[in-house]
**Student:** 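A single structure is presented below for examination.
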Amino acid sequence: MPELRQSIAQHYHQRTKYDPQTMTSKGKGLDWSKQPVPFKEYKIGSTFDLKPYIQQKSQAFVDEPNAQWCQRLSRLLFCSYGVTAKMPSMGSTVYLRTAPSAGGLYPAEMYVVSRGTPFLPGGVYNYQCRTHSLVAYWESDVWQKLQEACLWHPTLEKTQLAIIITAVFYRSTWRYEDRAYRRIFLDTGHLLGNIELAGAMTHYRPHLIGGFVDEAINELLYISPQQEGAIAVLPIADLLDIKQNIRTGRTTLPSATETNYPHIPDGELLKYFHNCTQIPAGTKSQLNSPKINQEKAIKDKYNFPFCEKIPTVSQPIDWGKRLEGLEMTIFKRRSTRAYTGGDLTFDELKALLDFSYQPQHYVDQGFDNSTDYFDLNLIETFIAVSGVEGLEAGCYYYAPKSQELRQIRFKNFRKELHFLCLGQELGRDAAAVVFHTADLESAVSQYGDRVYRYLHMDAGHLGQRLNLAAIRLGLGVSGIGGFFDDQVNEVLGIPAAEVVLYVTTLGRPR
């Protein structure tokens with residue numbers, strides 16, 4: 001009986017793994033003359049300046065009936081993807097944003113689609129983060145086209161605004177080549193985390209849609225699918241408008257599972273894979289909803305025999321009155337460049353996990369109880385502890401439903417983490433290193449190859465919650481998208497079926 005061929009998602013993941021035996025031979029120098037510009041510019045279109053509305057005092061706009069609405073939208077966009085600093089680099093300026101991005105490349109673009117409001121006429125807008133403005137480059141009634149492309153998702157029935165996130169592929173492939181597809185979705189996950197949390201501050205409720213007709217969304221935005229592609233749609237419900245008390249619907253849809261692919265040369269794998277994951281026109285959403293694993297939805301996946309189980313129930317992090325602490329944390333968030341090697345307290349680690357995985361503990365502070373992910377039941381979390389007071393060094397499985405750590409390997413892995421993280425001292429000097437993983441084969445069987453998008457965006461979303469919780473607690477944090485894939489499982493004892501999606505380091509900043 002012939003061996004079953006891997007799907008294109010599994011093939012892509014295998015092809016883009018880093019391995020210590022081959023990584024040096026594959027490395028190429030960067031051509032700085034071809035460095036991409038991480039912004040879009042429009043030659044035509046009207047501009048809506050949002051800078052005046054970033055002020056906190058609404059009294060300045062007493063003569064403007066739509067001032068509050070404008071302020072809320074301005075704040076939502078700025079906290080999601082606004083520019084918070086400028087840095088010189090290689091003769092140019094790097095604009096740092098509220099969401100982290102691998103290599104500072106920022107492959108994601110944000111668009112706003114308006115159904116037609118007193119402030120924003122119906123049409124399509126691009127968010128210009130350098131000037132904190134919206135460029136209206138297509139003014140018309142496009143909402144019905146958006147509904148059709150999203151297969152008449154119920155959250156679009158009464159909402160007036162939607163955010164669409166796209167990826168400009170070359171911004172990441174310039175540096176990371178075919179592996180860039182992973183980085184693009186992790187970066188987008190960071191952005192989705194910001195949009196969700198900024199919504200809590202501005203009384204908006206973003207609803208996440210991953211299942212849409214790709215070609216139709218790309219056409220609606222007038223983008224070239226060879227250079228750029230839509231990857232997430234977020235209808236934004238206004239919680240101050242009772243008419244927008246909407247029904248939620250499915251977040252995801254599966255794609256085909258492609259196994260009949262040819263030999264694909266290096267440099268062409270990313271775009272070939274992306275095309276394979278698209279949902280074609282004519283898809284019937286009600287016939288394609290995946291079956292949810294009910295047992296996995298109520299139980300943690302791994303319950304290793306004889307492992308020690310340590311409760312992680314924690315006091316919630318205080319985000320301040322009206323979530324002012326959250327806004328300031330978003331503004332000052334930076335990826336840590338170096339750690340001291342000092343320990344974290346166990347209470348600090350528990351608080352980080354609590355904010356990232358237990359949103360129900362934060363409803364009283366104004367957060368939503370049901371944060372949208374594509375399918376969080378597919379994501380697993382392992383933590384390599386090197387220096388946490390009151391916690392033995394080793395590798396732990398985090399069981400979010402039971403709210404406990406389950407130790408699976410006893411060892412201080414500092415030396416090995418230095419190697420696994422491609423020689424980055426962040427891995428060696430961190431007090432704890434979080435690994436997000438997924439059973440890719442099982443995930444593909446549920447959602448088809450499109451699940452690769454969902455997995456990495458969910459991992460990035462969790463990573464962003466860890467980011468902001470760490471900064472709020474005065475800790476250091478930095479995400480790592482480059483690691484020796486297979487060796488992580490072997491060294492730490494993570495089950496072989498789990499592929500590593502993302503790594504987040506935590507520690508005392510130097």
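Only this structure's heavy atoms are used, side chains among them; waters, hydrogens and symmetry mates stay out. These numbers were taken from a predicted model, which means no experiment stands behind them.
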**Student:** Could you report the tightest heavy-atom contact between Leu473 and Ala351, atom names first, then the distance?
**Tutor:**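 Shortest heavy-atom contact: CD1-CB, 4.0 Å.
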
**Student:** Grab the two heavy atoms, one from Leu466 and one from Val434, that are nearest each other, plus how far apart they are.
**Tutor:**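 Of all heavy-atom pairs spanning Leu466 and Val434, the closest is CD1-CG1, 4.2 Å.
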
**Student:** Can any side-chain N or O of Asn218 pair as donor or acceptor with the backbone N or O of Ala230 at less than 3.5 Å?
**Tutor:**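 Yes, Asn218 side chain to Ala230 backbone: donor-acceptor pair under 3.5 Å.
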
**Student:** Do Phe39 and Tyr95 have their ring centres less than 6.0 Å from each other?
**Tutor:**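 Ring centroids of Phe39 and Tyr95 are less than 6.0 Å from each other.
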
**Student:** Does Ile317 offer a backbone N or O that forms a donor-acceptor pair with the side chain of Tyr362 under 3.5 Å?
**Tutor:**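 Indeed, once roles are kept as given, a pair shorter than 3.5 Å links the two residues.
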
**Student:** Does Arg72 make a cation-pi contact with Tyr204 (under 6.0 Å, within 45 degrees of the axis)?
**Tutor:**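 Because its charged atom sits under 6.0 Å from the ring centre and within 45° of the axis, Arg72 does stack over Tyr204.
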
**Student:** Kindly indicate whether the side chain of Arg508, heavy atoms from C-beta on, has any atom under 4.5 Å from the side chain of Glu348.
**Tutor:**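 Sidechains of Glu348 and Arg508: in contact.
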
**Student:** Would you mind reporting whether Gln315 and Lys350 have side-chain heavy atoms less than 4.5 Å apart?
**Tutor:**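 Heavy-atom side-chain distance check fails, nothing below 4.5 Å.
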
**Student:** Has Asp458 got a side-chain atom pairing as donor or acceptor with Phe374's backbone, closer than 3.5 angstrom?
**Tutor:**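 A pair under 3.5 Å: yes.
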
**Student:** Under a 3.5 Å distance rule, please check whether Arg182 uses its side chain to pair with a backbone N or O of His13 as donor and acceptor.
**Tutor:**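 Yes: the side chain of Arg182 pairs with the backbone of His13.
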
**Student:** Can you tell me how far CD of Glu109 sits from CD of Glu228, rounded to the nearest 0.5 angstrom?
**Tutor:**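 Glu228 CD to Glu109 CD: 6.0 Å, rounded to 0.5 Å.
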
**Student:** Quick one, Tyr396 with Ile310, criterion side chain to side chain contact (heavy atoms under 4.5 Å, CB included). Give me CA distance, side-chain angles, the key distance, then yes/no.
**Tutor:** CA-CA 10 Å; Tyr396 295 78; Ile310 304 161; 3.8 Å; yes

**Student:** Within the distance-only criterion (no hydrogens, no angle test), does the side chain of Asp300 pair as donor or acceptor with the backbone N or O of Tyr302 below 3.5 angstrom?
**Tutor:**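 Here the side-chain-to-backbone pair does not exist.
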
**Student:** Determine whether Val488 and Thr437 satisfy the following criterion, side chain to side chain contact (heavy atoms under 4.5 Å, CB included), listing intermediate values before the conclusion.
**Tutor:** CA-CA 11 Å; Val488 169; Thr437 72; over 6 Å; no

**Student:** Spell out, as yes or no, whether a donor-acceptor pair under 3.5 Å connects the side chain of Gln358 to the backbone of Pro400.
**Tutor:**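 The answer is yes, because a donor-acceptor pair under 3.5 Å joins these two groups.
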
**Student:** Any donor and acceptor pair, going by atom type alone, linking the side chain of Thr345 with main-chain N or O of Glu389 inside 3.5 Å?
**Tutor:**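 Here the side-chain-to-backbone pair does not exist.
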
**Student:** Taking atom types as modelled, is there a side-chain donor on Ser74 or His132 under 3.5 Å from an acceptor on the other?
**Tutor:**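 Looking only at side-chain atoms, His132 and Ser74 do form a donor-acceptor pair, the distance falling under 3.5 Å.
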
**Student:** Kindly indicate whether the side chain of Tyr397, heavy atoms from C-beta on, has any atom under 4.5 Å from the side chain of Pro495.
**Tutor:**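 No - every pair of side-chain heavy atoms lies 4.5 Å or more apart.
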
**Student:** Under 6.0 Å between ring centres, would you say that holds for Tyr53 and Phe78?
**Tutor:**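 No; Phe78 has its ring centre 6.0 Å or more from that of Tyr53.
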
**Student:** Just by distance, with hydrogens left out, do Asp187 and Ser101 show a side-chain donor and acceptor under 3.5 Å apart?
**Tutor:**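 Asp187 vs Ser101: donor-acceptor pair found between side chains.
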
**Student:** Answer with yes or no whether the side chains of His361 and Asp354 bring together a donor and an acceptor at under 3.5 Å.
**Tutor:**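 Indeed, the side chains of Asp354 and His361 share at least one donor-acceptor pair under 3.5 Å.
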
**Student:** Enter the distance from Asp439:CG to Ile379:CD1 here, rounded to the nearest 0.5 Å.
**Tutor:**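 It comes to 11.0 Å.
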
**Student:** Going by atom types only, do Arg465 and Thr504 share a side-chain donor-acceptor pair under 3.5 Å?
**Tutor:**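 No pair is found: no donor N or O on one side chain lies under 3.5 Å from an acceptor on the other.
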
**Student:** Would you say the side chain of Thr173 lies within less than 4.5 Å of the side chain of Ile184, judging by non-hydrogen atoms?
**Tutor:**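 Side chain of Ile184 against side chain of Thr173, heavy atoms only: no contact under 4.5 Å found.
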
**Student:** Side chains of Thr84 and Arg334: donor-acceptor distance under 3.5 Å anywhere?
**Tutor:**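 Yes - a donor-acceptor pair under 3.5 Å links their side chains.
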
**Student:** Do Leu462 and Tyr357 have side-chain heavy atoms sitting under 4.5 Å apart?
**Tutor:**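 Leu462 reaches Tyr357 side chain to side chain.
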
**Student:** What pair of heavy atoms forms the shortest contact from Pro509 to Gly476, and how long is it?
**Tutor:**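 Residues Pro509 and Gly476, closest heavy atoms: CD-N, 3.4 Å.
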
**Student:** Taking atom OG of Ser356 and atom NE2 of His436, what is their separation to the nearest 0.5 Å?
**Tutor:**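 Here the interatomic distance stands at 7.0 Å.
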
**Student:** For a 4.5 angstrom cut-off between non-hydrogen side-chain atoms, does Thr98 reach Cys79?
**Tutor:**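 Side chain of Thr98 against side chain of Cys79, heavy atoms only: no contact under 4.5 Å found.
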
**Student:** Spell out, as yes or no, whether a donor-acceptor pair under 3.5 Å connects the side chain of Arg175 to the backbone of Leu105.
**Tutor:**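 Side chain of Arg175 to backbone of Leu105, a donor-acceptor pair under 3.5 Å: no, none is there.
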
**Student:** For the pair Ser80 and Leu191, evaluate side chain to side chain contact (heavy atoms under 4.5 Å, CB included) and give the outcome as yes or no after the intermediate values.
**Tutor:** CA-CA 6 Å; Ser80 298; Leu191 176 52; 4.2 Å; yes

**Student:** Return the CG to CG distance between Leu420 and Leu492, rounded to the nearest 0.5 Å.
**Tutor:**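 Answer rounded to 0.5 Å: 6.0 Å.
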
**Student:** Nearest 0.5 Å, please: how far is CG in Leu326 from CE in Met201?
**Tutor:**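 One gets 4.5 Å once the value is rounded to the nearest 0.5 Å.
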
**Student:** Any side-chain donor-acceptor pair under 3.5 Å between Tyr339 and Thr505?
**Tutor:**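 Present: a donor and an acceptor within the cut-off.
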
**Student:** So does Asp372 pair up with Arg205, basic N to acidic O under 4.0 Å?
**Tutor:**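 The answer is yes: the pair qualifies as a salt bridge.
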
**Student:** In this structure, which one of Tyr452, Phe169, Phe185 forms a ring pair (Phe, Tyr, Trp, His ring centres under 6.0 Å) with Phe273?
**Tutor:**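 Of all the options given, the one that passes is Tyr452.
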
**Student:** Taking Tyr373 for its side chain and Ala459 for its backbone only, find out whether a donor-acceptor pair lies under 3.5 Å.
**Tutor:**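 Looks like no, no N/O pair under 3.5 Å.
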
**Student:** Is His153 close to Arg250 at the side-chain level, that is, under 4.5 Å between some pair of heavy atoms?
**Tutor:**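 Side chain of Arg250 against side chain of His153, heavy atoms only: contact under 4.5 Å found.
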
**Student:** What are the two closest non-hydrogen atoms of Arg450 and Ser255, and how far apart are they?
**Tutor:**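 Heavy-atom minimum between the residues: N-OG, 2.9 Å.
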
**Student:** Could you pull out the closest heavy-atom pair between Tyr398 and Glu404, with the gap in Å?
**Tutor:**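 Heavy-atom minimum between the residues: CD1-O, 3.6 Å.
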
**Student:** Within the side chain of Tyr106, is there an N or O that forms a donor-acceptor pair under 3.5 Å with the backbone of Arg97?
**Tutor:**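 Checked: pair present.
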
**Student:** Which heavy atom of Gly460 sits nearest a heavy atom of His190, and at what distance?
**Tutor:**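 Residues Gly460 and His190, closest heavy atoms: O-CD2, 3.3 Å.
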
**Student:** Start with the C-alpha gap between Glu392 and Val385, add the side-chain angles, then the distance that decides, and say whether side chain to side chain contact (heavy atoms under 4.5 Å, CB included) holds.
**Tutor:** CA-CA 7 Å; Glu392 188 175 8; Val385 171; over 6 Å; no

**Student:** Going by an N to O cut-off under 4.0 Å, is there a salt bridge joining Lys17 and Asp19?
**Tutor:**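 Salt bridge absent between Lys17 and Asp19.
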
**Student:** Regarding Glu327 and Arg322, does a basic nitrogen lie under 4.0 Å from an acidic carboxylate oxygen?
**Tutor:**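 The answer is no: the pair does not qualify as a salt bridge.
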
**Student:** Cation-pi between Arg75 and Phe331: NZ/CZ under 6.0 Å from ring centre and within 45° of the ring axis?
**Tutor:**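 Here Arg75 fails the 6.0 Å and 45° test against Phe331.
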
**Student:** Would you please classify the geometry between the Trp319 ring and the Phe355 ring as parallel, tilted or perpendicular, with 30° and 60° separating the classes?
**Tutor:**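 Rings of Phe355 and Trp319: tilted, as their planes differ by 30° to 60°.
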
**Student:** Would you say that Leu405 contacts Leu391 through its side chain, given a criterion of any heavy-atom pair below 4.5 Å between the two side chains?
**Tutor:**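 They are in side-chain contact.
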
**Student:** Rounded to the nearest 0.5 Å, what separation is found between the CG atom of Leu270 and the OH atom of Tyr12?
**Tutor:**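 It is 5.5 Å, given to the nearest 0.5 Å.
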
**Student:** Looking at Glu324, I want to see if its CD is surrounded by more than 12 non-hydrogen atoms of other residues, nucleotides or ligands under 6.0 Å.
**Tutor:**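 Yes, because the 6.0 Å sphere around CD of Glu324 holds more than 12 heavy atoms from other groups.
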
**Student:** Determine, step by step, whether Tyr81 and Tyr127 satisfy the ring-ring contact (aromatic ring centres under 6.0 Å, His included) criterion, reporting the C-alpha distance in whole Å, the side-chain angles of both residues, the deciding distance to 0.1 Å, and the verdict.
**Tutor:** CA-CA 9 Å; Tyr81 213 36; Tyr127 177 56; 7.3 Å; no

